[in-house]
2 protein chains.
Amino acid sequence: MVASLVGDPARANMLTALMNGRALTASELAQEAGITPQTASSHLAKLEAGGLVEPEKQGRHRYYRLTDDDVAGVLEGLAGLAARTGHMRVRTGPKDPALRRARICYDHLAGDLGVQMLDSLRERHLVRQRKQEIELTAEGERFLAKHLQISPDMLSHPRRPVCKACLDWSERRHHLAGTLGAAMMQRFAELKWAARDPTPGSRVVNFTRTGEKQFAALFGK
Amino acid sequence: MVASLVGDPARANMLTALMNGRALTASELAQEAGITPQTASSHLAKLEAGGLVEPEKQGRHRYYRLTDDDVAGVLEGLAGLAARTGHMRVRTGPKDPALRRARICYDHLAGDLGVQMLDSLRERHLVRQRKQEIELTAEGERFLAKHLQISPDMLSHPRRPVCKACLDWSERRHHLAGTLGAAMMQRFAELKWAARDPTPGSRVVNFTRTGEKQFAALFGK
DNA sequence: TTCATGCTTCGATGGTAGCCGAAGCATTGG
DNA sequence: CCAATGCTTCGGCTACCATCGAAGCATGAA
C-alpha cells in the first residue's frame, strides 16, 4: 500500500527531499534521512516498487526523482492534513540546536545560516532564483570575487550545476547548493570563519567568533 | 504522521468503508476491517487523534465519519496512486454506483461524469492539457462565459491554480480540479442541475433530470 | 435493581519491518 | 590491471505495534 510507504519516517524524509522536483542520489537521500546507505537502498527499492520514485542510472550514481506531479500532489495533500492537526512529521529535522543552526549538507552550508545566506543573496540580487533554478548575476560574480576570492572559472564542473536550490532539512526552505555552495563553504573553512566539528561523523559546523561577525556582515539581515 | 495512520491495513479498510460519507459504528467498522472490537477501538482512537475521523455519540453507539472532504480527497489521491501501480487493495473505487457516477472530491466533480467532462473539454480544445498541467484556451473562456456565466476573473486565486488534473479514484483517469473545477461544480448547483446528497456527510452528487440533459448537451460524447 | 449491549482500557504476546555490519557487484579513474 | 567509490544483498538484531483475552465503564432496557 502506498500510504504505508510514505508512513515510515525515513522514507518520508527522502520523499520530502525530493519534493523540489530535483533528482538526488541514493547516498544523498540516505544522508537526508539520517540513515546508512544499506538501509536507504532497501527503502528506495520499496519506493520504486510502489511507483513513487523513479531511478535513473548515471555512471556509478543512481539518481532518484518523484515519479510525477501526481505523486507530489498526494504528498502535499498529506502534508496539508498533517499540518492541519498539528501532527507534523515525526522526525522534523535534527533535534540538536547546533545542527539546526549550521551543518554540512553534502558539501555546503545548511541549517538556519545556510537558509539565511541564500535569502540574503537573493534579496540583494546577487543571484536570481526562479522556482528551483538559481543563476548567478553579474553583480553576484563581482561580489564573490571581491569578498571571497571566488572566480567563476573555479565553479564550472562537467555534471554539477554551479547553483542549486537545496531544500533545507530543518528549515524546510532552500539553501544554496551546487559548486558555488561548496566553494563558499570551503572558503569559510579556509578563512577560518567556520570548521566542521571534529567529532567523527558529525555534520555540525562551528563558526568562530570572527567568522560569525564576518558572515553577518556579508549575509546578515 | 498521517500517512502511517492510513498505512495500516486494518485502518485503511475502515477508512475505505467510510469513503461513501456515511457514519458507521465502531463495531461495524471492526467487522469491515476483520478485527475484534478492542483492536478497532485502539485504531479509531488513533485515527481520531490524527484528525482523520470524527466520533458522534448516540445512545450506546459511537458513530465515526471522515472529518471532512479534504480527508476524503487525500484518500482518493492515495487510492489513485495505488490503483495506478497495480498495488490495489481489495476493490477499485467505491462500490456504490451513485458514488462511482458522480461525487465530490474536495470541492469539485469526480467520478464517471467528472472524468467525462474533462475528456470533453480536452477533445473540443476548450482546455489544453500537457501532462498534469491544464490550461484554459481562449475558446474555452468563451464557452464558459456563454454557457455557464463563468468569467476568468472569478477564477484567479493567489495560491490555487485555475486548472489542475486530479487523479480519479474510481476511473483511474484525470478529472478537473482547481478553481475552475470548483466554480463549475458550484454553478451546476446554482443552476439546479445537480446537488450534493442531503444525507449528512454523503459525497454523492445527484443530478436532476434536466441537469442530466444539460450536462450531456455540453459535455456528452 | 439487574441484566445485556457497546465500547474502552490493560496486559501479554508475536510478527513484522527498520536498522546496521559485513561482504559482494558495478563503474570509474589512475 | 588495481584501487576507490557508489550502491546492493545478506544475516542477525531489536523495537515497535497490531492483535486478542480479560476485565472495566457506560448506556439502555426490563
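Just so you know, these numbers use all the heavy atoms, side chains as well, and skip hydrogens, waters and symmetry mates. First the proteins, then the strands, lettered A, B, ... as listed; each starts at 1.
- C:dG18 atom C1' lies 11 Å from atom CE of A:M14, rounded to whole Å.
- Taking A:E48 as the reference, A:R62 meet the salt bridge (Lys or Arg N to Asp or Glu O under 4.0 Å) condition, with sequence neighbours excluded.
- An OP1 or OP2 oxygen of C:dT8 is reached within less than 4.0 angstrom by a side-chain nitrogen or oxygen of B:R62.
- If you take OH of A:Y63 and P of D:dT5, they are 17 Å apart, rounded to a whole angstrom.
- Note on B:Y64: only backbone sugar-phosphate atoms sit closer than 4.0 angstrom, heavy atoms only; bases stay farther off.
- Of all heavy-atom pairs between A:P55 and A:Y64, the closest is CB-CE2, 3.7 Å.
- Applying the side-chain hydrogen bond (donor to acceptor under 3.5 Å, both in side chains) criterion to A:Q186, with sequence neighbours excluded, gives A:E190.
- Across the protein-nucleic acid pair, A:E28 atom CD and D:dT5 atom P stand 16 Å apart, rounded to whole Å.
- In this entry the distance linking NE2 of B:H61 with C1' of C:dT8 reads 16 Å, nearest Å.
- For B:D68, the side-chain contact (heavy atoms from CB on, under 4.5 Å) partners at least two apart in sequence or on another chain are A:R84, B:D70, B:V71.
- Straight-line distance from the CG atom of A:L5 to the C1' atom of C:dA17: 12 Å, rounded to whole Å.
- Atom P of nucleotide D:dT8 and atom CD of A:E48 are separated by 9 Å, given to the nearest angstrom.
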Short heteroatom pairs, N/O only, protein and nucleotides 17-27 of chain D, under 3.5 Å:
{"unit_1": "D:dA18", "atom_1": "OP1", "unit_2": "B:R11", "atom_2": "NH2", "d": "3.2"}
{"unit_1": "D:dA18", "atom_1": "OP2", "unit_2": "B:K46", "atom_2": "NZ", "d": "2.5"}
{"unit_1": "D:dT19", "atom_1": "OP2", "unit_2": "B:H43", "atom_2": "NE2", "d": "2.5"}
{"unit_1": "D:dC20", "atom_1": "OP2", "unit_2": "B:T36", "atom_2": "N", "d": "3.2"}
{"unit_1": "D:dC20", "atom_1": "OP2", "unit_2": "B:T36", "atom_2": "OG1", "d": "3.1"}
{"unit_1": "D:dC20", "atom_1": "OP2", "unit_2": "B:T39", "atom_2": "OG1", "d": "3.2"}
{"unit_1": "D:dG21", "atom_1": "N7", "unit_2": "B:Q38", "atom_2": "NE2", "d": "2.6"}

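- Shown here are the side-chain hydrogen bond (donor to acceptor under 3.5 Å, both in side chains) partners of B:T39, two or more places apart in sequence or in another chain: B:T36.
- Checked against side-chain hydrogen bond (donor to acceptor under 3.5 Å, both in side chains), A:E212 has the following partners two or more places apart in sequence or in another chain: A:R101.
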